[in-house]
Amino acid sequence: MTQAPERYVGGGVPRKEDPALVTGRANWTDNIKLPGMLHIAFLRSPFAHAKITNLDVSAALEQPGVVAAFTGEDLASEWGEGAQEAEQGPGYTLSTGGGQSNDVEVSETEQPEDASSEETSQDDEAFSFCAWVVTEDMKNPTHWPVARGEVNYTGDAVAVVVATDRYKAQDALEYIEVDYEPMTPAVDVERAMEEGAPLVHEDLGTNECFTWTLATGDIDDAFDKADVVVRERYVQQRLIPNAIEPRATVAAREPGHGGFVVYTSTQIPHIAKSVLSTACGIPEQKVRVVAPDVGGGFGSKLNVYSEEAICLVLARRLGAPIKWVEDRSENYQTTTHGRGQVQHLEMAADSEGRILGLRVRLLADMGAHLQLLTPGIPVLGAFMFPGVYTFGAYDFECKGVFTNLTPTDAYRGAGRPEAAYAIERMMDALAREVGISPVEARRRNFYEPFDEPTDTPAGIQYDSMNMQATLDRVLELADYDSLREEQQRRRDANDPMQLGIGFSTWTEISGLAPSQVNAALGLGGAGWEAASVRILPSGKVEVVTGTSPHGQGHETSWSQIAADVIGVAPDEVEVLHGDTDVSPLGRDTYGSRSLAVGGIAVHLVCERVMDKAKKIAAHMMEASEEDIEFSGGKFSVAGSPDQSTTIQQVAGAAFMAGSLPEGMEPGLNENYVYDPPNFTFPFGAHICVTEVDTETGKVRIRDYFAVDDCGPVINPIIVDGQLHGGLAQGIAQALYEGARFDEDGTLTTSSMVDYMIPGAPELPNFTLDRTVTPSPSNPLGVKGVGEAGTIGAPQAVINSICDALAPMGVHNIDMPALPMRVWQTIQDAKGDADARGGVAQ
Amino acid sequence: MIPVAFDYEVADSVDHAIELLGQHGEESKLIAGGHSLIPLMRLRLAAPTVLIDLDRLEDLRYVRDEGDYLSIGALTRHRDVHNNPLVQEHCGILGYTAGLLGDPSVQHRGTLGGTLAHGDPAGDMPSVMCALEGTLVAQGPDGERTIPALEFFKDYFFTDLAEQEVITEVRVPKLGSNTGWSYKKFSRRSQDWAVVGVAAVVEKDNGSISSARIGLTSMGNTPLRASAVEEALSGAGTDQVAEAANSADEGTSPGTDDAASSEFRRHLARVWTRRAVEEALGR
Ligand SMILES: Cc1cc2nc3c(=O)[nH]c(=O)nc-3n(C[C@H](O)[C@H](O)[C@H](O)COP(=O)(O)OP(=O)(O)OC[C@H]3O[C@@H](n4cnc5c(N)ncnc54)[C@H](O)[C@@H]3O)c2cc1C
C-alpha cells in the first residue's frame with residue numbers, strides 16, 4: 001500500500017489525459033463506427049440571403065450508395081412535441097415529404113410568460129435553439145434545421161443526403177437541383193441598423209434583436225463635472241473558433257430500450273440532452289448524450305446545433321445509426337463565430353485622470369439567427385467594462401443586431417475580452433489625454449486591495465483583488481525602465497524598427513454561475529454543478545463529475561482534489577464524465593466554471609464521504625468519532641497511536657456491511673450539488689513588448705510578460721498551459737485572425753490558408769508569474785483560469801503597437817493588426833501630419 | 001474537403017508515366033508530393049479522374065555536380081534540397097528557399113519539380129529559378145528538351161510544359177565566391193505563402209556591383225524580374241542600392257487580395273528589394 005503524502009493539490013501532477021492523446025489512442029466521435037451506420041452530407045447555400053424557388057432531390061436519390069435525401073419540408077414533421085408520434089420505420093424509408101408542422105419553441109426551461117412568447121406562440125411554426133432570453137421583447141426568429149423557403153446566411157443547410165459512405169453522400173449533393181432568388185443581404189452591423197437596410201428576417205420588420213441596458217450612478221453629472229472626456233470607437237472583429245476536431249455526431253437507437261444515444265463532440269452533453277429532447281420530441285429519459293474525447297471547443301461546442309438534431313431525427317426515421325462529421329470548410333461557415341461588436345465608449349475623468357463615469361454603446365452582431373447563448377454574450381460582457389477601476393457612474397447599452405452572416409456565440413472569453421479590450425484601450429487614451437503614463441493612469445483608478453466582496457460600478461460584487469501586487473510584479477519582471485530607455489534610443493535614432501510597450505491590467509467574471517443570477521439574466525439553465533464519489537471495496541475511488549472536459553485536464557485536477565481529501569494517490573482515482581448515463585447530473589464546461597463550481601463540488605462530496613468513513617472508522621476501532629484523526633490515508637485514535645485503520649479497510653467494511661454503525665446505509669457513496677454564492681474574478685497585469693517594422697507594418701512580439709492571479713493553483717502545469725493557449729488566442733485576435741466577408745456575405749477567409757491562425761513561430765516565449773489572492777466565494781479559494789489569457793492579451797498587444805507608433809501620431813489600430821493595416825495606418829498618420837504641416841505654413 | 005473519386009496509377013519509370021499520360025488523356029494528372037494538387041482536389045477545384053504517381057521514381061531524387069552547374073532530380077524533396085551539401089556550397093539561395101516552403105511536413109513531401117510544374121506565381125522557387133536563370137529538363141513522347149526558367153512560366157498556373165511532358169531534372173548555376181544572394185520573403189505568418197518575395201543574385205566587383213538579377217514573387221501572373229532595378233544596379237556603387245530599389249515594382253502587375261492591396265505589394269517590393277540586395281552584398 002502506497003503511503004500517500006498529504007497534498008497533491010498545488011503540485012505539478014502530469015496530466016493523466018496526455019498519453020492517450022499524444023499516442024493517437026483517443027476516442028474521437030469520428031472513430032465511432034456502428035453496424036449499419038449511414039453517413040450524411042449537407043447541401044449548403046452559396047447565398048447569404050435568398051428565397052429557394054425550386055428544390056428537387058430526386059436525381060440525388062439515383063446516385064450510387066444514396067439511401068435517402070431530404071429537404072426542410074420533408075423533415076418538417078420531425079421537430080417538437082408531436083414528432084414522437086411520427087412514423088418510425090425500421091430499415092430505410094424514403095421521405096414522402098410534407099407532413100404536419102408543429103408548434104415548437106425550444107428552450108431549456110419554460111420561457112417566461114411575456115409579450116414576446118405570446119407573439120411567437122401565435123406563429124403556427126417556431127423553432128430555435130436559443131436558451132437565453134435577454135429581454136422580454138427579444139426577437140427570436142425561427143430557424144429550421146434544414147431551410148424551408150429561405151436561406152439566411154452562406155452555409156445555411158438546404159438539403160441533406162444520406163448514403164452508405166461519406167464520399168458518396170458528398171458526391172450526390174451535386175445532383176440536387178436548386179434555384180435561388182437572391183435577396184440583398186445585410187452584412188455589416190452598423191449598416192444593418194440604418195434606415196432602409198435590407199432585413200435579415202422580413203417578418204420581424206427590423207434587424208434589431210434586442211436593446212439591453214444597465215445604468216448606475218449619475219452619468220450626466222459625471223460628464224458635466226468632467227475635466228477630460230475621451231471618446232473612442234473600437235471594433236471587435238469576428239473570430240472563427242478553430243477547434244482541432246471539427247464537430248461530429250453519431251446518433252443511433254439504443255438496442256433494447258427504445259431510446260436513443262447521441263455521441264457528439266460537445267462541451268455540454270447534459271444541456272444537449274435537454275435541448276435535443278425538446279427539439280426532436282423525444283422524452284428526456286429516452287435520450288442519452290455522450291461526449292467522447294472532444295478535441296477542443298473554445299465555446300464553439302457550447303451549443304446545440306441543427307446537425308446534431310438532424311442526426312437524431314434521421315436515426316429515428318431511418319432506423320439506422322447516422323454519422324455526420326463536419327469538414328473544415330463547413331466548420332468555418334457554419335459553426336458559430338465569436339466576437340463581432342462595434343463599440344463606442346465615452347469616459348469622463350477629472351484633470352488628474354480619475355475616472356468619473358463611463359458610457360458604453362455596443363452593436364453586437366448576432367448573425368442570421370440565435371444559437372444557444374447568442375444574445376447573452378454581450379450581456380455577460382456588460383458587467384466587465386468597468387474593469388479593475390472603481391468610479392461612480394456607468395451607463396451601458398447594447399443592441400443585438402441580425403446580419404446575414406454565420407451566427408455568433410461564445411468564443412473563449414465570451415463577452416469579457418470585448419469588455420477588457422475596450423476599457424484597457426480607453427485607459428491608454430485617458431493617459432494620453434491627461435498627459436500621464438499608462439501605468440499612472442491605471443494606478444490612480446485601481447481598487448484598494450480587498451479580500452471580501454466589493455461593489456463595482458456595474459452593480460455586481462468582485463470577490464477579491466490586488467491589482468497593485470500584479471502590476472508591481474510585472475513591471476519588475478519586464479525590467480520596465482530599461483525597456484523605456486531602449487524605446488527612447490530607437491526613437492532618437494529614427495530606427496525603422498520601433499519598440500512598443502503595452503499594458504493590460506484586467507479582470508474577468510468566471511465560474512458560471514449562481515443559479516439565481518442565471519435566472520435573473522434570463523438564461524434558461526441553472527448554474528450549479530454536481531459530483532458523486534464512490535469509494536470502491538478495494539479502496540480505489542471513482543469520482544463522477546458533471547463538468548465535461550475537452551482539453552482542460554479535469555481528470556487530473558479532480559483526482560488531485562479527491563486524493564487530498566480521501567488520502568489516496570491521484571492514480572487511484574478515476575474521474576468519470578461526459579456521458580449522461582454515467583454522470584446523470586451536470587451543467588457542463590464553459591465560462592471558466594469547471595474548477596470554481598465543479599471542482600468545488602468534487603471537494604465537497606469527498607468531504608461528505610469522508611465524514612461517513614470517519615464514523616465507520618470510529619465504529620471499527622470502538623472509539624468515539626470526535627477522537628478520530630485522519631492523515632495520510634489513515635484513521636487513528638487521538639492518544640492511542642498504535643490503533644489505526646486505513647481508508648481501504650474502512651471502504652471494505654463499508655461495502656461488506658457486516659458491522660456498521662446502527663442504522664447506517666452500506667457503502668461509501670455520496671452526491672453533492674453545489675451552487676456557488678458568487679462568481680469568481682481572476683485578474684492580472686500583462687506587458688507586451690513589440691517591435692514594429694515601420695517600413696512594412698510587420699509586428700513581432702518580442703516578449704510577453706504576464707502576472708496572473710487565479711487564487712490558489714491546483715496544478716501549475718495545467719494553469720500555465722491554459723495561460724499559454726489563452727494568450728496565444730488573445731494575440732491571435734490582436735495580430736492575425738479575423739473572419740472576413742465580402743459584400744455578398746460570402747466568407748473570404750474560408751480556409752486555414754486565408755484565416756490567419758498563428759503558429760508557434762508567431763508567438764514569443766511567454767514569461768509568466770503569479771500572485772495568489774484567494775476567492776472568498778468557495779472553500780478552495782480558487783478562481784477560473786481557462787479564459788484568462790484570451791481576455792488579458794489583445795489590448796496589451798494593440799496598446800503596445802500604438803505605443804511604438806505614438807511619435808508618428810498613431811493612436812488606434814483596429815484588430816487584427818496585420819501588416820497592411822499597420823502600414824496603412826502609418827501612411828494615414830503621415831498624411832495627416834503633412835496636411836497639418838501644410839496648413840501651418 | 002472531400003475530393004471527387006479518382007483512379008490511381010503508379011508510374012515505374014518516366015517512360016511509363018508518359019505512356020500513362022497518353023493513355024488516360026486530359027483528365028489525368030501527375031502527382032509528385034501532392035502538396036499542391038491534393039489541397040485543390042479536396043476543395044474540388046481540381047477533379048482529375050486518374051492520378052499518375054511519380055513519387056516512387058527514386059532515381060529522380062539526386063543532386064549532382066556537373067562542373068558549371070548542379071543538376072537536381074525533379075522528385076527531390078524540398079527538405080533534401082535544403083539539406084544537401086552541394087546545394088549549400090554552390091547555390092545557397094536554392095537550399096535556403098527550399099527551407100522556407102510551408103512547414104517541415106510540406107518540405108518532407110513536396111518536390112522541386114512539383115513546385116515548378118505547378119506554376120504558382122506565389123510560389124517561392126519559380127522566382128528564385130528566374131533570378132538564377134536555371135533550366136528545366138522535360139521528357140515527352142518525342143524525347144527530351146531543356147527549357148530556360150525565364151521561358152517556362154507562361155501565366156497564372158500555366159507553364160510551357162506540354163500535356164504529356166514530365167519534368168525530370170532542374171539545373172542551376174554554381175554561384176562563384178563574388179556572388180552574393182538573398183531571398184526575402186514577406187509573409188503574414190512565418191509559414192505562409194509570400195505576400196511578396198524578392199530573390200537577389202548579385203555579382204560583386206571590388207566594392208561595387210557588376211550585375212544583379214532580381215526575381216519577384218507574387219508581383220504578377222508569373223514570377224518576374226525587376227529589370228529596371230537590374231539596369232540601375234549594373235556597375236553601380238553600393239550606396240546606390242536604395243535609389244535603384246525604388247523602381248522594383250516597375251513593369252509589375254500585382255493583384256489585390258485579403259493579404260495585400262496591389263499598392264501595398266508595390267511598396268513591399270521596393271522595400272524588400274533594397275533589403276535583399278543589401279543582404280546579398282553582405283553575403
Ligand atoms: C500548407 C502548405 C504550405 C505551403 N507553403 C508554400 C510556400 O510557402 N511556398 C511555396 O512555394 N510553396 C508552398 N507550398 C507548396 C509546396 O511547395 C508544394 O510541395 C509544391 O508546390 C508542389 O510540389 P509537389 O511535389 O507536392 O507537387 P504536386 O502537388 O504533386 O503537384 C503539383 C502540380 O505539378 C504537377 N507535377 C508534379 N510533378 C511533376 C513533374 N515532375 N513533371 C510535371 N508535372 C509535375 C502535378 O501534376 C500538379 O499539377 C505549400 C503547400 C502546403 C500544403
Tell me, for A:Pro758 versus chain B, whether the close heavy atoms (under 4.5 Å) come from the side chain, the backbone, both or neither. backbone

Are side-chain heavy atoms of A:Glu62 and A:Tyr175 found at a separation under 4.5 Å? no

Which atoms of B:Pro39 are under 4.5 Å from chain A, going by heavy atoms: the side chain, the backbone, both sets, or neither? neither

Do the charged groups of B:Arg109 and B:Asp55 touch, with an N to O distance under 4.0 Å? yes

Return the CZ to NZ distance between A:Arg700 and A:Lys698, rounded to the nearest 0.5 Å. 10.5 Å

Report which part of B:Arg270 has an atom under 4.5 Å of a heavy atom belonging to chain A: side chain, backbone, both, or neither. neither

Answer key: most heavy-atom pairs under 4.5 Å with chain A among B:His267, B:Arg42, B:Gln191 is B:His267

Measure A:Glu174 against the heavy atoms of chain B and call it side chain, backbone, both or neither at under 4.5 Å. side chain

With the threshold set at 4.0 Å, does a side-chain nitrogen-carboxylate oxygen contact exist between B:Asp103 and B:Arg189? no

Residue part contacting chain A, namely of B:Arg44, when any heavy atom lies under 4.5 Å: side chain

Would you call the rings of B:His118 and B:Phe157 parallel, tilted or perpendicular, taking 30° and 60° as the class edges? perpendicular

Segment of A:Val753 engaging chain B (4.5 angstrom heavy-atom cut-off): both

Engaged part of A:Ile757 at the chain B interface, taking heavy atoms whose separation is under 4.5 Å: both

Geometric class of the A:Phe741/A:His337 ring pair [parallel <30°, tilted 30-60°, perpendicular >60°]: tilted

Regarding A:Thr746 and A:Asp744, do their side chains bring together a donor and an acceptor under 3.5 Å, going by distance alone? no

Go through the atoms of B:Asp192 and report whether side chain, backbone, both or neither lie under 4.5 Å from a heavy atom of chain A. side chain

Which of the residues A:Glu762, A:Met756, A:Arg166 is involved in the greatest number of heavy-atom pairs with chain B at under 4.5 angstrom? A:Met756

Name the region of A:Arg328, side chain, backbone, both or neither, that has any atom closer than 4.5 Å to a heavy atom of chain B. both

Side chain, backbone, both or neither of A:Asn331 within contact of chain B (heavy atoms, under 4.5 Å): neither

So, B:Arg266 and B:Asp249, do they make that salt bridge, N to O below 4.0 Å? yes

Bottom line for B:Arg275: the part with an atom under 4.5 Å from chain A's heavy atoms is side chain

May I ask you to say whether A:Glu307 pairs ionically with A:Arg44, meaning some side-chain N is under 4.0 Å from a carboxylate O? yes

Answer with side chain, backbone, both or neither: which region of A:Tyr736 has an atom nearer than 4.5 Å to a non-hydrogen atom of chain B? side chain

